[in-house]
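All remarks here apply to the structure that follows.
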Amino acid sequence: MENKNKEIAKLFYRLADALEIKGESGFKVVAYQKAARVLEDLTTDVAELVAQGKLSEIPGIGRGMAEKIEEYLKTGKMTRYEEVMKEVPGGLLQLLEIPGLGGRTIHQMHKELNVNNLEDLKRVIEDGSLEKLYGMGKKKVENIKKGIELFEHAQERMPIYEAMTIAEEVIDYLKKAEGISHVSTAGSLRRMKETIGDIDILATGRDGLKIIKHFVAFPRTVRVLAEGETKGSILITTEAGERQVDLRIVEEDSYGAALQYFTGSKAHNIKLRGLAKDKGLKISEYGVFRGEKKIAGRSEEEVYGVFGLPVFPPEMREDHGEIELALEGKLPVIVEPADIKGDLHVHSNWSDGVMTLEEVAEHGKQLGYSYIAICDHSQAARYAHGLSPDRLAEEIKEIDKLNSKLKGIKLLKGIEVDILGDGTIDCSEELLKKLDIVVASIHSGFKKNVTERIIAALKHPLVNIIGHPTGRLISGREGYDVDVDKIIEAAAEYGKILELNAYYDRLDLDEFNLKKAKEKRVLISIGTDTHYAHGFGMMRYGLGIARRAWLTKKDIINTLPLSKLLSRL
DNA sequence: GCCGTTTTCGGCCCGACTGTTTTCAGTCG
């Protein structure tokens, strides 16, 4: 079913870690990490590439990697991996996750003190033998102790919604600091990844020391990890636990270079640095330099401009071919917030939402939308006060009545209908025909013939859209037992639409599946699935993911004006 | 381990910070 790309990527990541501890060349380690990342991001099945003999055409995959991949696909084993794992116990690999500990130190501790796991490490700290190692000292051991503490309280990556909320709160607070001018998010948050590790913020100002001082005094700071002239790092308390926020301060004339640099991704930056090198230039967070002379740095326009490149949307900066395309002048123009004309998945208080129909319309108007699809649950969704046929008929009348009064916005008559266990739809054709839009979703039987059921729903002539097609929850639910590739193919065959559910914990389809859908020319609808007013704001996360998948205006149906949307449906 | 019409060998992004060092190594982002 699922292809083996991610599985092999994981092996390569572990191999990279193990080689690092073995003390192999850092370049080899990086090569494995790169190969792993490339595999993770690949939208085609590696097995397919092997079949076509195109595996080593992928940048980052050479002979060595190709052989290992082929061996694994053929035999389910990777000899090199198993050899290395024999030498490097799993307990040692784990130590790499301790901040401040790297391969070199772990290698040394293993060789000289026979440290094989976290317990051993704690022992050699306590008995003082670690401190006596060459190059060690009181402070280093103290640091490792702190690292262990952080590691043991380590947080998972946080959902983007949480990260954005914290970042905006901190940014508001920072703006009150004296002498601060620009402030921006950076890192994976600015690139709108679905989950975020640390929150990165960049600012400019004359007196770095003062700004950092203000920063670490943030009301919810529980621990200051670093406090310097250009850099501060704090742990703050949140409802979900402790989160790390990093702040960097740079001079005004380096703001663009720093923003570019700290936004990343790492892979994108490495490629850019390669271009600089070819031109005999040097690029850093302070600017672009020819020899000693700084030739750019004030803005991202300036920095990218040196290389004849446009300012890439942050979401595209992943080294997924964007730099090469831009050099050829072929960078696609991806969807923007202003392109979105409406929300295609909203619940009202007719089922399990809290807003009245009027309130939904009012909020939509404020957002500048020209339509909103009311998609309340069907009767099978009892837990969500799903609508009986009578209630649905009543809601349809109600919406018609309301629409005759509304100006500047229209509510679409819709439903989020359950796909039942046998693949049928939980609503009569007679009623479906009265609706403008039909979203069909799986809400029960997550392991029961899900692929077949969804395909049956796609075949149904009155179904327009499949809602949250994989059912995954980012905070911890695998999703249905579903073959997404088959769903995408079926959607293409029957000319149906797949949803990008913009609710931050769903973001379903995800960026990888969206790319596949786009390749098969399957149209996407973005809906927030909101049940309350605040949830309309989820659109920005859906858009972020759509942009990460390089979707353009044409790939998304809710960029269409009302009349065109209705005729497409 | 990957990569290349200047190279099939010798490079591989760059800088801050820290702590251990008499000039640099390790870690991080």
Side-chain angles (χ1 to χ4, degrees), chain A residues 12 15-16 18-38 55-69 80-81 84 95-109 130-144 146-147 150 186-191 196-202 208 212 225-233 244-250 254 257-258 260-289 319:
Chain A
F12 282 168
L15 210 34
L19 293 176
E20 196 178 346
I21 291 171
K22 261 168 61 79
E24 297 259 359
S25 141
F27 297 115
K28 203 180 270 193
V29 173
V30 168
Y32 273 103
Q33 285 167 344
K34 172 157 193 200
R37 218 181 42 234
V38 165
L55 188 51
S56 31
E57 281 175 29
I58 309 283
I61 310 278
R63 265 183 74 130
M65 300 291 181
E67 273 172 19
K68 290 176 183 78
I69 294 170
R80 179 77 178 129
Y81 177 80
V84 174
L95 298 186
L96 272 179
E97 291 169 42
I98 296 172
L101 259 192
R104 288 250 120 87
T105 313
I106 295 172
H107 177 71
Q108 195 193 6
M109 294 187 319
L130 183 61
E131 196 182 314
K132 296 198 187 83
L133 278 189
Y134 180 78
M136 273 292 162
K138 264 207 159 49
K139 285 195 171 170
K140 275 203 165 177
V141 172
E142 200 46 46
N143 241 342
I144 293 171
K146 273 188 197 151
L150 282 175
S188 55
L189 181 57
R190 185 162 179 245
R191 300 201 312 282
I196 310 296
D198 298 335
I199 297 167
D200 293 314
I201 297 175
L202 177 73
I212 298 284
L225 299 171
E227 181 181 358
E229 208 174 328
T230 63
K231 212 169 143 177
S233 186
Q244 185 172 336
V245 186
D246 297 338
L247 173 66
R248 283 287 302 238
I249 308 284
V250 295
S254 293
Q260 193 287 316
Y261 177 80
F262 288 112
T263 297
S265 68
K266 191 170 179 165
H268 176 90
N269 285 357
I270 288 173
K271 177 130 311 157
L272 198 63
R273 261 148 241 276
L275 288 186
K277 216 160 187 192
D278 293 345
K279 285 184 181 268
L281 304 173
K282 199 184 64 174
I283 177 167
S284 75
E285 62 258 53
Y286 298 110
V288 184
F289 296 87
D319 189 26

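Throughout, protein chains are lettered first and strands after them, A, B, ... in sequence-line order, and every chain is numbered starting at 1. This one's a predicted model, so the numbers in the text were calculated from it and none came from an experiment. Heavy atoms only: backbone and side chains are in, while hydrogens, waters and symmetry mates are out.
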Distance between P atoms of B:dC13 and B:dC3 (Å, rounded): 13 Å
Rounded distance in Å between the C1' positions of B:dA25 and B:dT20: 9 Å
Complementary nucleotide of B:dC24, counting Watson-Crick and G-U pairs under 3.5 Å: B:dG19
Listed once per pair and sorted, the salt bridge (Lys or Arg N to Asp or Glu O under 4.0 Å) pairs that draw on residues 269-278 of chain A, sequence neighbours left out: A:K271-A:D319, A:K271-A:E324
Contacts of type salt bridge (charged side-chain N to carboxylate O under 4.0 Å, His left out), residue A:R248, not counting sequence neighbours: A:E285
Nucleic acid contacts of residues 26-36 of chain A, taken as heavy-atom distances under 4.0 Å to DNA chain B: A:F27, A:K28, A:A31, A:Y32
Distance, rounded to the nearest Å, where A:E142 contributes CD and B:dC17 contributes C1': 18 Å
side-chain hydrogen bond (donor to acceptor under 3.5 Å, both in side chains) contacts in which one or both residues fall within residues 24-37 of chain A, not counting sequence neighbours: A:E24-A:K28, A:Y32-A:K68
CZ (A:R80) with more than 12 external heavy atoms under 6.0 Å: yes
Rounded distance (Å) that lies between atom C1' of B:dC2 and atom CG of A:L55: 14 Å
Spacing of the C1' atoms in B:dC17 and B:dC12 (rounded, Å): 23 Å
DNA chain B: 5'-proximal contact among A:P59 and A:N269 (nearest heavy atom): A:P59
Nearest listed nucleotide, side chain of A:S284, among B:dC12, B:dG1, B:dG15: B:dG15
Residue list, side chain to side chain contact (heavy atoms under 4.5 Å, CB included) with A:E142, at least two apart or on another chain: A:K145
By salt bridge (charged side-chain N to carboxylate O under 4.0 Å, His left out) - contacts of A:D200 (at least two apart): none
Nearest heavy-atom neighbours spanning A:S188 and A:G197: OG-N, 4.4 Å
Protein-nucleotide distance (A:Y286, atom OH; B:dG15, atom P), rounded to Å: 9 Å
Non-hydrogen atoms of A:K231 and A:I212 that approach each other most closely: C-CD1, 3.6 Å
Nearest-Å distance once atom C1' is located in both B:dT7 and B:dC2: 14 Å
Name the pairs: protein N/O against N/O of nucleotides 5-7 of chain B, kept only if under 3.5 Å.
none

Rounded interatomic separation in angstrom, taking CZ from A:R37 and P from B:dC2: 14 Å
A:H268 backbone acceptor or donor facing A:S265 side chain under 3.5 Å: yes
Nearest-angstrom distance from the residue atom CD of A:E67 to P of B:dG1: 10 Å
Under the salt bridge (charged side-chain N to carboxylate O under 4.0 Å, His left out) test, residues paired with A:E229 that sit two or more places apart: none
Distance, rounded to the nearest Å, where A:R273 contributes CZ and B:dC3 contributes P: 21 Å
Separation of atom CD1 in A:I270 from atom C1' in B:dC13, rounded to whole Å: 6 Å
Residue list, side chain to side chain donor-acceptor pair (under 3.5 Å) with A:Y286, at least two apart or on another chain: none
Distance test, side-chain N/O of A:T230 to OP1/OP2 of B:dC17, below 4.0 Å: yes
Whole-angstrom distance between B:dT8 and B:dG1, as gauged at atom C1': 14 Å
Residue list, side chain to side chain contact (heavy atoms under 4.5 Å, CB included) with A:K279, at least two apart or on another chain: A:L281, A:F307
Length of the CD-C1' vector between A:E57 and B:dC2, whole Å: 16 Å
Per-nucleotide protein contact string for nucleotides 18-29 of chain B, where B marks a base within reach and S marks sugar-phosphate only (heavy atoms under 4.0 Å, - for neither): -SS-----SSSB
Span that lies between the P atom of B:dG15 and that of B:dT21, in whole angstrom: 27 Å
Non-neighbouring partners of A:D246 that pass side chain to side chain donor-acceptor pair (under 3.5 Å), sequence neighbours left out: A:S233, A:Q244
